[in-house]
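Let me begin by presenting the structure, written as structure tokens, before commenting on it.
Position 1 is the first residue of the sequence, and the numbers go up from there.
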Amino acid sequence: MTTATPFLMFHGTAEAAMHLYQVTLPGSRIVSIERHGPSFGEHSEKVRLAKFEVCGQTFLCSDSTIAHNFTFTPSSSIFVDCDTPQEQERIFSALAEGGVVLMPLDDYGFSQRFGWLNDRFGVSWQINLPYAREVPGS
């Protein structure tokens, strides 16, 4: 079966990022980590390939051993719907610490409240509190 999995390439911070996501977002965990190994010298303990989950969604990531002139961009982001304003505040605050807030939590007209940020690792997050969903038959 053909599958598609989001992949994030870090520059030496993959494991720290996964730990932040694991403690911040419900349903998140590190599934597996493979390291580069001794033949990679200073990069030997960095992540060659890791599998982790964010809110139950599987992701892959690695630490690049090659310097690149690019990093993450907000045009690709992880969109999180929260259940409560308190959960949204907690998640937004934790991910924004050391990062850059692109849109502070506010009512922009398309949900109860929305915020967009780049975390300290450069990964872009949209943290949403959707309008209450009506339960069929109520």
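Heavy-atom contacts from other residues, nucleotides or ligands closer than 6.0 Å to CD of Glu97 number 12 or fewer.
Heavy atoms only, all atoms of each residue included: Met18 and Val47 are closest at CE-CG2, 4.4 Å.
The side-chain contact (heavy atoms from CB on, under 4.5 Å) test applied to Ala96 returns Phe92, Val101, Leu117, not counting sequence neighbours. Among residues two or more places apart in sequence or in another chain, the side-chain hydrogen bond (donor to acceptor under 3.5 Å, both in side chains) test is passed with Arg48 by Glu34. Glu87 meets the salt bridge (charged side-chain N to carboxylate O under 4.0 Å, His left out) test with no other residue; sequence neighbours excluded. With sequence neighbours excluded, no residue satisfies salt bridge (charged side-chain N to carboxylate O under 4.0 Å, His left out) with Arg120. By the side-chain hydrogen bond (donor to acceptor under 3.5 Å, both in side chains) test, Glu45 is found to be paired with no residue, residues two or more places apart in sequence or in another chain being considered.
Here Val31 is tied to no hydrophobic group at all, with no ILVMFWY side chain closer than 4.5 Å. Cluster note: Phe7 groups with Met9, Leu49, Leu60, Phe70 through ILVMFWY side-chain heavy atoms spaced under 4.5 Å, whether in direct contact or through intervening members.
For the pair Ser28 (side chain) and Leu25 (backbone), a donor-acceptor distance under 3.5 Å is present. The backbone N or O of Gly41 lies less than 3.5 Å from a partner atom in the side chain of Ser44, making a donor-acceptor pair.
Annotation: salt bridge (charged side-chain N to carboxylate O under 4.0 Å, His left out) contacts involving residues 99-118, sequence neighbours excluded, comprise Glu89-Arg113. Applying the salt bridge (charged side-chain N to carboxylate O under 4.0 Å, His left out) test to residues at least two apart or on different chains, the pairs with a partner in residues 14-30 are Glu15-Arg35, Arg29-Glu53. Sequence neighbours left out, the pairs with a member in residues 55-66 that pass side chain to side chain donor-acceptor pair (under 3.5 Å) are Ser64-His68. Among residues at least two apart or in separate chains, ring pair (Phe, Tyr, Trp, His ring centres under 6.0 Å) pairs with a member in residues 33-61 are His36-Phe40, Phe52-Phe59.
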Side-chain donor/acceptor pairs under 3.5 Å, residues 121-129, sequence neighbours excluded:
| unit_1 | atom_1 | unit_2 | atom_2 | d |
| --- | --- | --- | --- | --- |
| Ser124 | OG | Trp116 | NE1 | 2.7 |
| Ser124 | OG | Asn118 | OD1 | 3.2 |
| Trp125 | NE1 | Asp119 | OD2 | 2.9 |
| Gln126 | NE2 | Ser77 | OG | 2.7 |
| Asn128 | OD1 | Ser111 | OG | 2.7 |
| Asn128 | ND2 | Asp81 | OD1 | 2.7 |

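Connection of Phe110 to Leu102 is established within a shared hydrophobic cluster, with ILVMFWY side chains joined at heavy-atom distances below 4.5 Å, either directly or through further cluster members. The hydrophobic clustering, which links ILVMFWY residues whose side-chain heavy atoms are closer than 4.5 Å, places Val100 and Phe72 apart. Note on Met103: it does not cluster hydrophobically with Val80, by side-chain heavy-atom contacts below 4.5 Å among ILVMFWY residues. Using a 4.5 Å cut-off between side-chain heavy atoms of Ile, Leu, Val, Met, Phe, Trp and Tyr, with links allowed through other members, Ile78 and Ile30 fall into the same hydrophobic cluster.
The side-chain heavy atoms of Thr24 and Arg90, taken from C-beta on, include a pair separated by under 4.5 Å.
Atom CG in Leu105 sits 12.0 Å away from atom CD in Gln112 (nearest 0.5 Å). Atom OH of Tyr21 is separated from atom SG of Cys55 by 12.0 Å, given to the nearest 0.5 angstrom.
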